[in-house]
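Heavy-atom basis, side chains included; hydrogens, waters and symmetry copies ignored. Residue numbering restarts at 1 for every chain, and letters A, B, ... go by the order of the sequence lines.
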Number of protein chains: 2
Amino acid sequence: MNVSKNIGIKEIAVLANVSIGTVDRVLHGRTGVSKSTKAKVLKIIEETGFKRNLMASRLKLASSKTLQIAVLLPEIKNEMYYWHHSNAGIKKAVQELNEQGIMANYFYFNRLDPKNFKKSYNMIFEHEIDALITVPFFEKETDELILKAEELKLPLVFLDSMLNNKNKTNNISQNSFKAGMVAGRLLHGLVGDCGQYFVFNILNKRGIQINNQQREMGFRAYFEQNLKEFDFEIHSINMPLENKEELEKDIQELLNSDKTKGVFVTNARSFLVSDMLKECCISNVNIIGFDLNLPNLERLKSNDIKFLINQNPEFQGYSAIKGLFKYLTEQDASELNLDIPVEIIIKENADFSEMN
Amino acid sequence: MNVSKNIGIKEIAVLANVSIGTVDRVLHGRTGVSKSTKAKVLKIIEETGFKRNLMASRLKLASSKTLQIAVLLPEIKNEMYYWHHSNAGIKKAVQELNEQGIMANYFYFNRLDPKNFKKSYNMIFEHEIDALITVPFFEKETDELILKAEELKLPLVFLDSMLNNKNKTNNISQNSFKAGMVAGRLLHGLVGDCGQYFVFNILNKRGIQINNQQREMGFRAYFEQNLKEFDFEIHSINMPLENKEELEKDIQELLNSDKTKGVFVTNARSFLVSDMLKECCISNVNIIGFDLNLPNLERLKSNDIKFLINQNPEFQGYSAIKGLFKYLTEQDASELNLDIPVEIIIKENADFSEMN
DNA sequence: TCTGATTTCGTTAACGTTAACGAAAATTTG
DNA sequence: CAAATTTTCGTTAACGTTAACGAAATCAGA
């Protein structure tokens, strides 16, 4: 059992023949140290593999300055809503790091109003913050935000990216294309080569999302890559949230056959599709959708939905805070980009405890 | 933006009209404080909701005593082997907590020799350790270990539990029955009601494991619960690792039909079954197995295995260290029992980066 | 060469917790 | 009731890092 005491700033100072103050100065790249002594200290640090003790560092610093993380998310209407989970993860991480001096400040924007998003982040910039966590909802406004953050040298992390950011930014999100591929294989396994396939894109007032497009592309890519003789069609159905009655006729026509049917719902509302198809008396249908919201979980439990894909929003939020903290305290940005696994949920491995 | 400074031991001392030394004494339940002052301090602590600053605590304590965690795992033969991943998770957590004063000491036992397991943990007990992480491989010896650890008041965490521990202990492991249920649904989805089902239990010198039995039970339970008219058979095949040639004949006979076949391999060697069936020219077969070892991943990539269930050994090891640290530093045992999710892996959401 | 400005650097008091040390108070003993 | 014990409690120096403060050394200008 080796017991190697970690080397500290004091030892470095002795070895380099300087004071701890000087070591601290070079560690933080502060001014006031000559080139030669800087080199000397750096050499010793290199040789000894010294890493500063973060816990001592945070103990000292947390008392004078707590890191302020701004969080800008869509308005949360419903306790069980998707963003509620992102928030929960953020809160959990902040709780864990609380004594180390970090705080989250929550802001919300109207999910249908780009202007409001812009106004919100401009308002945030008037406060003194150290980083911003948000969501790339609106293409143009997001680009502007990226530029502005760069200008202000403000770390920026996006959750649930729906945009192909041209500028490289920090993204913690699931690869939607990959998720579509997963959905493809799962549905294909259930439905087989002789079935019918449908992609349901549910449209809200903002139209179809890039995320959903990517998911559909991945879904189609699965079939193209895995079935040489691809002689059956995948129907895309764009379903507006309102006046879906007129759609129901088309659906009756399209889906009313004896064939096994596979339905891929590219967003979180697969329960709506499930209910609609049930109402239309469509049978022999296998549905796969996204996100573990309450109504989806109910349909999973009742076997009306076969698969759900989890984006783990709680983990996304949690990771964003942890990653930012690491970046702000260690200048280590490695945890600011995360590819959230495509988690496959069925009735047997689902956690229904939130339903009770 | 509220900025609430955390209350400290000093404030408690002032409020209770005692010195910080006394506050520290009641915080640690040490002797030397009268009943009345103890009550007084406790009351203030309660009222203020004071939580001691762990980072300051660890800063002080890490210098005088680093926590020693003993890790006793089966001998690791192969870099890619299952236990290698447990080890990697343990190492990662220890790395993260290094400066807070924690160390892991690794020990290995012969996987086929219960005596050696016992000898190993007895040897470990001669060292000064603060906790032990191990694996419940052998029923009798594990029970003895549990008793001994209780006696020594030594925290004990089991990874990959294969035993129904009568004594309550700390387990970080996947629910094997549930995993079997998951396998049941996934295979049933692919194979349907008209197929044939097989459970392969691969036997090594130690015979069949309780884990594997539980998995089979879960698998069968799925079908019993979900198919009212359950008129087809699930064949169990016990396959010894050596002289499997004689088995091949039986298998030829059993599996040689046009029907779609579903094969559930209850341990990590599904690649062996896959290869064997291929050799026997059995077609139309769907295999599901456990663990993301290299040969399994290769068969997943080549579509010879359809599903793999991940037990996330790395996460298990990681969580064991983190949980023990929390317990040893905060007396909070809540993270010492973990139900590892049944993670479903298919070709599209697998991480093949370790194959390269 | 002397003054003043500037750069370089060492000293020190914190951050909140811990526990050793010893002083004071309370209790027991003869 | 004084001496000896025992119990209760306050003081203090750490843990490793930070940054303010000011001293010493170097440099610039006349």
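By the 6.0 Å and 45° rule, K91(B) stacks over the aromatic ring of Y106(B).
Listed candidates were dC15(C), dT11(D), dT11(C). Nearest to the side chain of I20(A) is dT11(C). Among the nucleotides dT18(C), dG10(D), dC9(D), the one closest to the side chain of S34(B) is dC9(D). Across dC9(C), dT18(D), dT17(C), the shortest atom-to-atom separation from the side chain of V33(A) is found for dC9(C). In the set dG10(C), dT17(D), dT18(C), the nucleotide with an atom closest to the side chain of S57(B) is dT18(C).
Note on K43(A) versus E47(A): salt bridge recorded, some NZ/NE/NH1/NH2 to OD/OE distance being below 4.0 Å. Using a 4.0 Å cut-off between charged side-chain N and carboxylate O, D24(A) and R30(A) make a salt bridge. Remark: K322(A) engages E96(A) in a salt bridge, criterion side-chain N to carboxylate O under 4.0 Å. Checked for salt-bridge contact, K118(A) and E141(A) miss the test: no charged N lies under 4.0 Å from a carboxylate O.
For dG16(D), the base has no donor-acceptor partner in the side chain of R58(A) [N/O atoms by modelled type, under 3.5 angstrom].
Between R30(B) and G32(A), the residue anchored nearer the 5' end of DNA chain C, judged by the nucleotide with its closest heavy atom, is G32(A). Residue order along DNA chain D, read from the 5' end via each residue's closest nucleotide, puts S36(B) first among S36(B) and A56(B). Mapping N17(B) and I7(A) onto DNA chain D by nearest heavy atom places N17(B) closer to the 5' end of the strand.
Side-chain N/O atoms of S63(A) include none lying less than 4.0 angstrom from OP1 or OP2 on dG16(C). Phosphate proximity of dT18(C) to S64(B): absent, as no side-chain N or O sits under 4.0 Å from OP1 or OP2. The phosphate of dT18(D) (OP1 or OP2) has no side-chain N or O of R25(A) nearer than 4.0 angstrom. Regarding contacts with the backbone of dC9(C), every side-chain N or O of T22(A) stays at 4.0 angstrom or more from both OP1 and OP2. Side-chain nitrogen and oxygen atoms of S19(A) include none within less than 4.0 Å of the OP1 or OP2 phosphate oxygen of dC9(C).
Using a 4.0 Å heavy-atom distance criterion, G21(A) is classed as a base contact. Note on T37(A): only backbone sugar-phosphate atoms sit closer than 4.0 angstrom, heavy atoms only; bases stay farther off.
Taking atom CG of L61(A) as the reference point, atom P of dC15(C) lies 13 Å away to the nearest angstrom. The distance between atom CE of M55(A) and atom P of dT18(D), rounded to the nearest whole Å, is 13 Å. In this structure, N53(A) places its CG atom 9 Å from C1' of dC15(D), rounding to the nearest Å. Look at CD1 on I9(B): it is 11 Å from P on dG16(C), rounded to the nearest Å. Atom CD1 of I45(A) is separated from atom P of dG16(D) by 16 Å (rounded to the nearest Å). The separation between K60(A) atom NZ and dT17(D) atom P is 13 Å, rounded to whole Å. To the nearest angstrom, P of dA14(C) lies 17 Å from CG of L59(B). For the pair D24(B) CG and dG10(D) C1', the interatomic distance rounds to 13 Å; values are reported in whole Å.
The shortest distance between side-chain heavy atoms of I12(A) and I45(A) falls below 4.5 Å.
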